[in-house]
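See below for the structure under consideration.
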Amino acid sequence: MSRPGQGVMVPGSGLGFPPQNVARVVVWEWLNEHSRWRPYTATVCHHIENVLKEDARGSVVLGQVDAQLVPYIIDLQSMHQFRQDTGTMRPVRRNFYDPSSAPGKGIVWEWENDGGAWTAYDMDICITIQNAYEKQHPWLDLSSLGFCYLIYFNSMSQMNRQTRRRRRLRRRLDLAYPLTVGSIPKSQSWPVGASSGQPCSCQQCLLVNSTRAASNAILASQRRKAPSAPSAPPAPPPPPPGGPPGTLAVRPSATFAGAALWAAPATGPAEPTPPPGVPPRSPSAPSGAPTPGQNNLNRPGPQRTTSVSARASIPPGVPALPVKNLNGTGPVHPALAGMTGILLCAAGLPVCLTRAPKPILHPPPVSKSDVKPVPGVPGVCRKTKKKHLKKSKNPEDVVRRYMQKVKNPPDEDCTICMERLVTASGYEGVLRHKGVRPELVGRLGRCGHMYHLLCLVAMYSNGNKDGSLQCPTCKAIYGEKTGTQPPGKMEFHLIPHSLPGFADTQTIRIVYDIPTGIQGPEHPNPGKKFTARGFPRHCYLPNNEKGRKVLRLLITAWERRLIFTIGTSNTTGESDTVVWNEIHHKTEFGSNLTGHGYPDASYLDNVLAELTAQGVSEAAAKA
C-alpha cells in the first residue's frame, strides 16, 4: 500500500513557511519523552497561529485556550515550549500538511489505552490511516512506518503483530487545523500590547515578557559568541532544564541559524514529565521515532533521520552544576538550573546543559546456555494463585490465640481506642461479638503490649484476615502474615555478569511478571479491573552469601504475597494498579543514577530489615 501524503517542510528561518500561494494545513507539534512528535490540538494550533501573525518572535500562553496547559508557554523565537513551574523546555515545530489530509478535514484517529482513555495517533500515522480508510481498504499494515501494528477497519481495532493483542480504535470529527497560504508577514517588534502599543501589565503577560526577554538574551549571546571559521564543528545542543542529571556548563556556543536552541541529544534518556492535556504514550502504542538532532526539528515525518551528535568535552576551568533529575535525585532543581541559565545568558555568557550517562537498566544479552540456577536455591520459578481463604479464621479465635487475659489492667490508655484500659472499649456499641465483653483486656504474648480484646477484634476485622496479628505499637507479627499480591510468576537465575561494587561475583536476576486482572475481595475495589504497568520487572542481587539469603527470603515473601499490592502509584498517581509493597528492589543493573542500582553498600542489610518487618526472616521460618 502506498504511503499517503506527509508533511512538507520548506527550508526557511526558525519557523517553517510554505511556498508562495500554496495552501497548507498548519500543525504545531512538540517532542515528547519518547522522541515522538506529538500534535497539539486544533484549538491550540489556531491560537498559536493567531499569536504568530501578530508577533513571530513573541510568546504563546497555551493556558489561554486550554486550562490543562496553564503552566506552558511557547517561545516562537527559540521554538521551544517552556514550563513555568519546573523550567522544563521541549522543542516544538510548525509542520505543514495537504489541505485534503486528515488534519485539514478535522479528522482524528485514536486508540484506546489500558486506562480506557483515547489517545490520538501521531499526525503522520493519522494521515496514513485516513488515506487507507478513504480508499476502503479492509486493513492497513503500519510496518512501512516502522510499527508492528495492523489496523482492521471492519472491526475498528489495532493488533500488535508480535503479541497478537488487540485494541479498539475510533475515528472522530474535530475542529479542522488552521490553513495558511504563502509566507507570513514579518514579525513586529515586541512587546506587543493593546492598541496603544504598550505591553499589558497583568501578571501573566509580565511572565510572558520576562520569558521572552530571557530567550532574546540567550539568542543574542549565541550570535555574539558564534565562531567566525565556517569549518568549525557546531557544539552539540544542550537538553531541556527538566531533563535527567547532568551538568550546567558555561562554554562557547556554536552558531544559531534557525535551529532549535535546546535540541535534545540523541543519547540522552527520556524526560519523565510530558505536558498535561496531551495523552501519554502507552507501552503498546506505536513508537520508534528517530532521535532528534539539532538540524531536523523542522523536518517532516518521511524525512526524519536518526542523528547522533558527539558530545564535546567541557573546557578545563569551566564551573559545573549538577542538574536535578525529575525523580528527585541530584542537588539542584531543574527550575533553578533554568533560571541560572537565564542569568548567565543575561550576563552575555552562553549556557549549555549536558546530560549525564543514560542509566544502565539491563545487563548485556545472555544466551540460554549461560543462564544457570542459583546455588543453594531449589528451582528457578515460583507462581502464586488466587488467595484461598482458610476456614476457622474467626476474628475472636485469632485474637485469643495470641493474647493472655489480664485480670487487673493498669490505668493507662488503650492505643487503639484511646480509652483507659480500666474502662470499657471505645468500640462498645459499635462492634459486638459473642463472648467478647467490652471491658476485657489482654496482653500480647511476646511483646507484652495490652489492649482491649474488642479493640483487637475490630483491628483484625478491618485487615487482611489471614490468621496473623500485628501489634499496633511495636509492629511485632504473630502468626504468618500474608499480603494481597495479585497472581503472578517469579523467576530467578544466575547470569555471568557482575554488578558495580561486586566485580568478582556473578549476578542473580529476578524477574517478576504479573498480568492485569480483576480485584478480589481482599483488594480496595473488589470486582474492578486493576492494571499492571512495567511488567516484567527485572531486579538484581549479587551472588554471594548475603545475596542468596535475600533471594531465599524474597521467595518466601513472594509466596506470602508480600512483594506487591494493589494501590495508587506514587510516580503516576494512577489508582487500582500493581505497586511495590515496602520491600525495596534494585532495578538498575549497571549504574545507580536513579537510586535503584549499585553500588550500595547498605542495600542488602536494609532489605533484610524490611523483610523482617514483614515477618519474613530465617528465625521466623525456623520458629
Side-chain angles (χ1 to χ4, degrees), residues 1-7 27 29 32-39 97 101-103 105-174 270 274 278-291 301-302 304 306 362 486-489 511-518 528-538 572 574 576-578:
M1 181 175 298
S2 62
R3 187 172 177 175
Q6 301 293 316
V27 178
E29 299 167 317
N32 72 1
E33 69 278 13
H34 304 292
S35 297
R36 298 290 304 171
W37 286 102
R38 301 290 298 148
Y97 297 91
S101 62
K105 298 176 180 178
I107 296 173
V108 180
W109 284 88
E110 300 171 321
W111 55 275
E112 187 179 31
N113 61 30
D114 291 337
W118 291 96
T119 303
Y121 286 95
D122 295 352
M123 190 55 69
D124 52 353
I125 301 175
C126 177
I127 292 175
T128 303
I129 297 175
Q130 176 61 20
N131 182 271
Y133 178 83
E134 292 177 350
K135 294 180 179 179
Q136 298 183 348
H137 291 290
W139 55 274
L140 171 65
D141 188 351
L142 295 179
S143 60
S144 61
L145 299 180
F147 308 118
C148 58
Y149 294 93
L150 291 172
I151 302 295
Y152 294 99
F153 294 108
N154 292 335
S155 59
M156 291 297 283
S157 62
Q158 165 194 286
M159 186 185 75
N160 188 310
R161 300 180 64 177
Q162 295 179 351
T163 64
R164 316 301 292 180
R165 180 179 182 181
R166 287 179 178 263
R167 295 178 180 272
R168 291 195 301 164
L169 75 152
R170 72 178 183 181
R171 174 182 179 268
R172 66 177 180 87
L173 292 178
D174 199 351
V278 183
R281 172 184 172 274
S282 175
S284 60
S287 63
T291 309
R304 295 176 194 166
T306 304
H362 302 288
K489 180 173 66 173
V511 182
Y512 296 111
D513 198 4
I514 296 178
T516 58
I518 304 299
K528 185 178 179 181
K529 181 180 177 181
F530 68 85
T531 59
R533 311 289 187 192
F535 287 94
R537 300 186 185 183
H538 293 227
T572 66
E574 180 183 12
D576 298 305
T577 191
V578 179

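Keep in mind that this is a model prediction, so the values were computed, not measured. When reading the values below, keep in mind they use all heavy atoms of this one structure, side chains included, and skip hydrogens, waters and symmetry mates.
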### Query
Where do D114 and K529 come nearest, in terms of heavy atoms and distance?
O-NZ, 4.3 Å

### Summary
Note: M156 and R171 closest approach over all heavy atoms is CE-N, 3.8 Å

### Query
Rounded to the nearest 0.5 Å, how far does CZ of R166 lie from CD of E112?
14.5 Å

### Query
Rounded to the nearest 0.5 Å, what separation is found between the CG atom of D576 and the CD1 atom of I518?
10.5 Å

#### Entry: Inter-residue atom distance S157.OG - Y152.OH, 0.5 Å rounding
7.5 Å

### Query
Mind checking whether L145 and T128 have side chains closer than 4.5 Å, heavy atoms only?
yes

### Message
Determine whether I125 and F147 satisfy the following criterion, side-chain contact (heavy atoms from CB on, under 4.5 Å), listing intermediate values before the conclusion.
### Response
CA-CA 10 Å; I125 301 175; F147 308 118; 3.2 Å; yes

### Task
Report yes if some heavy atom in the side chain of W111 is under 4.5 Å from a heavy atom in the side chain of N113; otherwise report no.
yes

### Query
Heavy-atom distance under 4.5 Å between the side chains of R38 and T119, does that happen here?
yes

### Summary
NE2 of H137 to CD1 of I129, rounded to nearest 0.5 Å, is 13.5 Å

### Task
Taking the side chain as every heavy atom from C-beta outward, state whether I151 and W139 have any atom pair closer than 4.5 Å.
no

### Message
Working to the nearest 0.5 angstrom, can you tell me the gap between W118 CH2 and R172 CZ?
### Response
10.5 Å

### Task
Could you check if a side-chain atom of V578 sits within less than 4.5 angstrom of a side-chain atom of Y512, using non-hydrogen atoms only?
no

### Task
Compare every heavy atom of R533 with every heavy atom of G115, then report the nearest pair and how far apart it is.
N-NH2, 3.8 Å

### Summary
Here the pair of heavy atoms bringing A532 nearest to T516 is N-CG2, 3.5 Å

### Query
Looking at K105 and L173, what are the two nearest heavy atoms and their distance?
O-CD2, 4.4 Å

#### Entry: Minimum heavy-atom distance between P486 and F530, given as atom pair plus value
CB-CZ, 3.6 Å

### Message
Between R164 and M159, is there a side-chain heavy-atom distance shorter than 4.5 Å?
### Response
yes

### Task
Check whether any side-chain heavy atom of P39 lies under 4.5 Å from a side-chain heavy atom of E29, and answer yes or no.
yes

### Task
Run through W109, Y149, Y121 and flag the one making a side chain to side chain donor-acceptor pair (under 3.5 Å) with Q158.
Y121

### Message
Nearest 0.5 angstrom please: I107 CD1 to S101 OG, how far?
### Response
9.0 Å

